[in-house]
Amino acid sequence: MVSFLGQVRADSSQQGDDVEALELQHYAPLTLPGMEALARDVLGRWALDGLLIWHRVGEMAPGDPIVLVAAASRHRRDAFAAADFAMDHLKSESWFWKREKRAGQWAWVEPREQDYADLARWGQAGV
Amino acid sequence: MVSFLGQVRADSSQQGDDVEALELQHYAPLTLPGMEALARDVLGRWALDGLLIWHRVGEMAPGDPIVLVAAASRHRRDAFAAADFAMDHLKSESWFWKREKRAGQWAWVEPREQDYADLARWGQAGV
Amino acid sequence: MMARLVFLGRLADLAGGAEREVAPGSLARIMADMGPELAQALAGPRVRLALNGALVAGDGLVLKAGDELAFLPPVSGGSSRSG
Amino acid sequence: MMARLVFLGRLADLAGGAEREVAPGSLARIMADMGPELAQALAGPRVRLALNGALVAGDGLVLKAGDELAFLPPVSGGSSRSG
């Protein structure tokens, strides 16, 4: 079983290392079907005994767990590939709006186009 | 953090699914320096915040945990690659002798040359 | 019965709340009833619309009673996690 | 003080135990003192030797007091795990 656990970074997406809190907002009518479609896609690509894709939303502190993906398979190579693929796509197919708190002030994090680069590894465009 | 947990298979390395128990034997004067060298190699190849390489020896039952590798990094890609590399090399660089119990009888498991195939992915020969 | 608007990310700050009930009708009419600052932000080229969970184009859109229309600004970039 | 032989895997079954104390001396003499079946198995081309933890060649090897010589048959193949 391969698992990936992501934790909230202290220095997050922009300069500095003074992030006090992170808030992720999602829109469930889009996020949940997207995650379910991703899970179906992963299960169709590799022979897995089990798959878990979990993502927190709401307010979190640096060091908090934020995402967990786990894939179990008879074959180690499948489990690694499935977890890696799921993480790449979860990042880009999920609709998350993010803001960070620094010195008591919340600020929204701007989009970055380069987030789609990881998807190129899998030979398809980001959705 | 990427972790790989391996469990003892019920059908193990040979035909059938009737393995009652597995015993792994190692020779510590070779195994431990080899694992330490592997850990140094992994730490030299990727920027990791932490690395765990753990392997059980002795008698185990199907479903028991047998190996755990975990790599923590600021960068997800590094953590995946380090854990994958460590598993490939742990499998082939460790000196483990294995026997399986079926219908109350222990039998040693014969070597297979194809176990070295995974190492080719990393562009070096097995040691 | 009313229709519902949902504002994500920074659009919720501009709208003064994450949701708003509006009378059913054309999106053009609903936007006209908003302040110009909010209407301009909602009409931005990078804001996408989801009607009852499905992405749609805004041109000529008419909201019926019970519809939910979400305004989705570009999602935030960068990684917030170490792994 | 004696030297110690260590037998791994199936060689321990053949030797009737995982370890054996022997008088220091040449490996050739030590092997000659064993039964022929065990000596033949230990001298097999795929059996490797480790002297005090380091792989060595057997030709001309002489064990000193306190030395540990391990006989290592080929390691077992196949995967015992699912992941």
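No hydrogens, no waters, no symmetry mates; every other heavy atom, side chains included, goes into these values.
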Exercise for the section: Sort Ala83(B) into side chain, backbone, both or neither according to what part of it lies under 4.5 angstrom from a heavy atom of chain A. Expected result: both

Exercise for the section: Look at the aromatic rings of Phe80(A) and Phe80(B) and report parallel, tilted or perpendicular, splitting at 30° and 60°. Expected result: perpendicular

Handout entry: Set of residues satisfying salt bridge (Lys or Arg N to Asp or Glu O under 4.0 Å) with respect to Glu23(A), sequence neighbours excluded
Key = Arg99(A)

Exercise for the section: Determine whether Arg76(A) and Val67(B) make a side-chain contact, defined as any pair of heavy atoms from C-beta on separated by less than 4.5 Å. Expected result: no

Practice task
Kindly state each residue pair satisfying side-chain hydrogen bond (donor to acceptor under 3.5 Å, both in side chains) with at least one member in residues 47-69 of chain B, sequence neighbours excluded.
Solution key: none

Practice task
For Arg74(B) and Arg9(A), indicate whether the former's side chain and the latter's backbone hold a donor-acceptor pair under 3.5 Å.
Solution key: no

Exercise for the section: List the steps and the verdict of side-chain contact (heavy atoms from CB on, under 4.5 Å) for Arg77(B) and Asp88(A). Expected result: CA-CA 10 Å; Arg77(B) 186 86 27 244; Asp88(A) 272 356; 2.9 Å; yes

